Amino acid sequence: MRYWLMKSEPDVFSIDDLRRNQVELWDGIRNYQARNFLREMEVDDLAFFYHSNTQLPGIVGLMKIVETNVVDPTQFDSENKYYDPKSFAEAPRWQTVKVGYVATYSDCITLERLKQLFTPDELWVVRRGNRLSVMPVESAVAERIFAVAKALTLETSSSV
DNA sequence: GCCAACGTTGGC
DNA sequence: GCCAACGTTGGC
């Protein structure tokens with residue numbers, strides 16, 4: 001089982017939207033490196049949900065991969081923002097996954113916090129100028145993120 | 001195949 | 001809103 005981090009702009013699609021829908025197709029990825037990671041995903045892999053391009057960027061929750069190698073339908077829809085006229089049904093260029101809601105953390109693990117805790121080699125999202133929206137997270141790093149999430153929850157509940 | 005121009009991402 | 005990073009496009 002592997003761990004991942006996936007970015008989304010909360011104005012477009014947030015952890016609250018995923019909680020409401022429970023399962024969602026992760027569409028619109030049009031970067032080959034990100035797509036290659038999507039292709040590597042397996043059912044039951046876990047992915048951190050990261051809010052980007054927002055007031056308080058950071059990890060806000062957890063999701064699970066529920067279906068893999070899904071052809072992204074938006075590539076064939078000329079009305080869609082993610083339409084790719086160079087992709088053909090016989091050989092679709094863009095595959096993605098369906099994700100399932102697992103949890104929302106009681107507090108956002110902010111980018112600022114992540115930068116304090118992890119080196120750019122450990123967690124790519126803290127790399128300066130990083131634009132990749134889907135990336136792997138090593139197990140040991142994932143475990144440390146889980147520990148931080150747990151500590152935040154305890155902090156919150158004990159301060160009430 | 002090189003590289004300048006351009007567009008997008010995303011933190012701040 | 002600014003701008004650094006960086007992927008993509010297109011002329012040559």
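If you're wondering where the values come from, they're calculated on a predicted model, not measured in any experiment. Chain letters run A, B, ... following the sequence lines, proteins first and then strands; every chain starts at 1.
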Roughly, in whole Å, what's the span from CD1 in Ile29(A) to C1' in dG7(C)?
14 Å
Below 6.0 angstrom between ring centroids: does that apply to Phe48(A) and Phe146(A)?
yes
Strictly below 4.0 Å, N to O, side chains only: are Arg35(A) and Asp72(A) in salt-bridge contact?
no
Whole angstroms only, please: what is the NE2-P distance between His51(A) and dG11(B)?
12 Å
Taken to the nearest whole Å, OH/Tyr82(A) to C1'/dG7(B) is 15 Å
Between Arg131(A) and Asn53(A), name the one whose nearest nucleotide on DNA chain C is closer to the 5' end.
Asn53(A)
Asp84(A)/Arg93(A) salt bridge by N-O under 4.0 Å criterion
yes
Atom CG of Asn130(A) and atom P of dC12(B): how far apart are they, to the nearest Å?
12 Å
Among residues 105-129 of chain A, which residues get a heavy atom nearer than 4.0 Å to DNA chain B?
Leu111(A), Lys115(A)
Where Leu132(A) and Ala34(A) come nearest, the two heavy atoms and their spacing
CD1-N, 3.7 Å
Given dG11(B), is OP1 or OP2 found less than 4.0 Å from the side-chain N or O atoms of Tyr50(A)?
yes
Kindly compute the distance separating OG1 (Thr110(A)) from NE2 (His51(A)), expressed to the nearest 0.5 Å.
14.0 Å
What is the distance from atom CG of Leu25(A) to atom CZ of Phe13(A), rounded to the nearest 0.5 Å?
10.0 Å
Quickly work out the Leu132(A) CG to dA5(C) P distance and round it to whole Å.
17 Å
OP1, OP2 of dT9(B) versus side-chain N and O of Lys7(A): anything below 4.0 Å?
no
note: Lys86(A), atom NZ; dT9(C), atom C1'; distance rounded to Å ~ 8 Å
Let me know the distance between CG of Asn36(A) and C1' of dG7(C), rounded to the nearest Å.
14 Å
Rounded to the nearest 0.5 Å, how far does CG of Asn69(A) lie from NZ of Lys98(A)?
13.0 Å
Rounded to whole Å, CG of Leu56(A) lies from P of dG11(B) at a distance of 11 Å
